[in-house]
Amino acid sequence: MRGYRVCTLPGDGIGPEIMAEAKKVLAAVGRSEGVSFSCEDHPIGGCAIDAATASGLEPTALPASTLDAAASSDAVLLAAVGGPRWDGAGPRSPRPEQGLLEIRKALGLHVNLRPVRAYQALADASPLRPELLEGVDLLIVRELTGGLYFGRRERREGVAGAGLDGAPGAFASDCCEYSEGEIERVVRWAYEAASRRPGHSVTSVDKANVLETSRLWRSVAHRVAAEYPRVESADMLVDSCAMQLVADPARFDVIVCENTFGDILSDEASMLAGSLGMLASASIGEGTSLYEPCHGSAPELAGKGVANPLAQVLSVALMLRHSFGMDGAAERVERAVEATLDDGWRTPDIAGRATPPERVLGTSAMGDRVVERLG
Ligand code: IPM
Ligand code: MG
């Protein structure tokens with residue numbers, strides 16, 4: 001029997017709860033496809049920091065054992081990291097999010113795919129008018145290992161003149177840095193994706209009227225665009241793109257942008273799908289790929305069994321497609337999610353005004369409905 005080793009990183013907050021549902025779905029796919037998936041949990045984020053501290057080790061959000069396991073697996077499935085418990089821990093102790101950034105960098109995950117679909121069944125869960133959502137099916141291609149997230153940074157206290165009226169104060173800087181090669185590989189990915197999609201268009205997003213990195217981005221994007229004459233190309237300033245995403249979202253097919261812009265625009269775009277709880281992502285690069293929902297650890301929902309597991313389940317579909325070449329199985333998972341929504345089942349975040357209370361499910365029951373629909 002064909003078999004794959006999946007490194008599972010449940011992380012913090014709602015992470016373990018939604019990961020449990022993803023594993024159910026993966027097991028069901030394995031049974032019907034005759035493929036064995038072996039999942040092995042490893043710590044990342046706040047739980048890794050706590051575990052290291054408890055055993056008297058130097059706290060780290062990405063233990064070497066986790067990175068080794070991830071790098072040597074066939075794919076990595078991550079849930080979420082972070083929470084208020086680790087926020088005030090002081091400048092010297094690591095933040096949970098560092099674990100996520102480090103694993104992205106260490107695995108060379110340069111390209112992050114965030115597909116956004118407006119599900120008809122969820123039209124009343126979106127704050128946008130239903131007629132705006134018709135035909136929305138876009139892909140955000142986010143650069144994931146450069147820009148502000150990984151540039152030089154510093155913080156100094158008591159700097160002369162940094163306070164009000166010339167008094168001493170604190171100073172901080174984050175440097176946005178991009179090389180031509182970093183831009184080219186992600187833009188190329190966007191064009192390759194657009195060539196295979198019916199929409200056949202790429203919108204390259206930047207802030208070229210202000211930022212030098214954006215002017216470099218735009219010139220590289222134009223050079224790559226010239227190699228794909230059959231794909232429609234457009235530039236858009238990021239502020240305008242933020243506006244167009246809610247004014248006329250159906251105009252977009254593939255959107256490609258740098259790291260920070262992609263972070264912000266994808267949260268905005270999640271409202272087209274009804275909830276941040278619906279958005280999955282695939283991070284692809286040099287070796288093992290990583291799949292994770294776009295949302296965070298939702299500490300306020302943790303332990304209550306009410307979190308929406310569908311973004312995590314849809315991340316499983318992306319893993320089947322991109323890492324295991326199981327396109328048919330990926331589509332079956334995506335269709336099972338859609339059918340579950342069509343049947344009227346909702347978690348609280350996607351319950352609309354017209355949802356009867358008996359259709360609102362908890363995390364685990366929602367996972368069960370999807371597994372049932374997988375058949
Ligand atoms: C995301 C998240 C992360 C990011 C956080 C948790 C560091 O918001 O994947 O969009 O900013 O990349
Ligand atoms: Mg984000």
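One-based numbering, in listed order, for ligands and for the atoms of each. The structure displayed is predicted, hence computed values, not measured ones.
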Problem - Selected option - heavy-atom contact closest to atom 8 (O) of ligand 1, from T260, N259, D263 - result: D263
Problem - Separation of E286 CD from H110 NE2 (nearest 0.5 Å) - result: 3.5 Å
Handout entry: Residue portion contacting ligand 1 (non-hydrogen atoms closer than 4.0 Å) for R142
Key = side chain
Exercise for the section: With the Mg ion (ligand 2) as the reference point, give the N/O/S atom of D263 that is nearest. Expected result: OD1
Practice task
Applying side chain to side chain donor-acceptor pair (under 3.5 Å), run through Q312 and Y291 and close with a yes or a no.
Solution key: CA-CA 8 Å; Q312 188 76 60; Y291 302 86; over 6 Å; no
Exercise for the section: Examine the proximity of ligand 1 to Q98 and report which part, side chain or backbone, both or neither, has a heavy atom under 4.0 Å away. Expected result: neither
Exercise for the section: Nearest heavy atom to atom 7 (C) of ligand 1 wins, so pick from R114, E97, H295. Expected result: E97
Handout entry: 4.0 Å heavy-atom contact, R104 with ligand 1
Key = yes
Exercise for the section: Evaluate the ring planes of Y4 and F37, with Trp represented by its six-membered ring, and classify them as parallel (under 30°), tilted (30 to 60°) or perpendicular (over 60°). Expected result: parallel
Handout entry: R188/E227 salt bridge by N-O under 4.0 Å criterion
Key = yes
Exercise for the section: Tell me, please, whether Y149 has R142 positioned over its six-membered ring: NZ or CZ under 6.0 Å from the ring centre and within 45 degrees of its axis? Expected result: yes
Handout entry: Separation between CH2 of W86 and CZ of R95, rounded to the nearest 0.5 Å
Key = 11.0 Å
Exercise for the section: Please indicate whether any nitrogen or oxygen in Y149 is less than 3.5 Å from any nitrogen or oxygen in ligand 1. Expected result: yes
Handout entry: R95 touching ligand 1 at heavy-atom level, < 4.0 angstrom
Key = no
Problem - Cation-aromatic face contact K105/F150, 6.0 Å, 45 degrees - result: yes
Completion exercise
The closest protein heavy-atom partner of atom 5 (C) of ligand 1 is L100 CD2, 4.2 Å
Handout entry: L138 vs V254 side-chain heavy atoms within contact, under 4.5 Å
Key = no
Handout entry: Heteroatom distance test (E292, ligand 1): nitrogen or oxygen, under 3.5 angstrom
Key = no
Handout entry: the Mg ion (ligand 2) contact by D267, N, O or S atom under 2.8 Å
Key = no
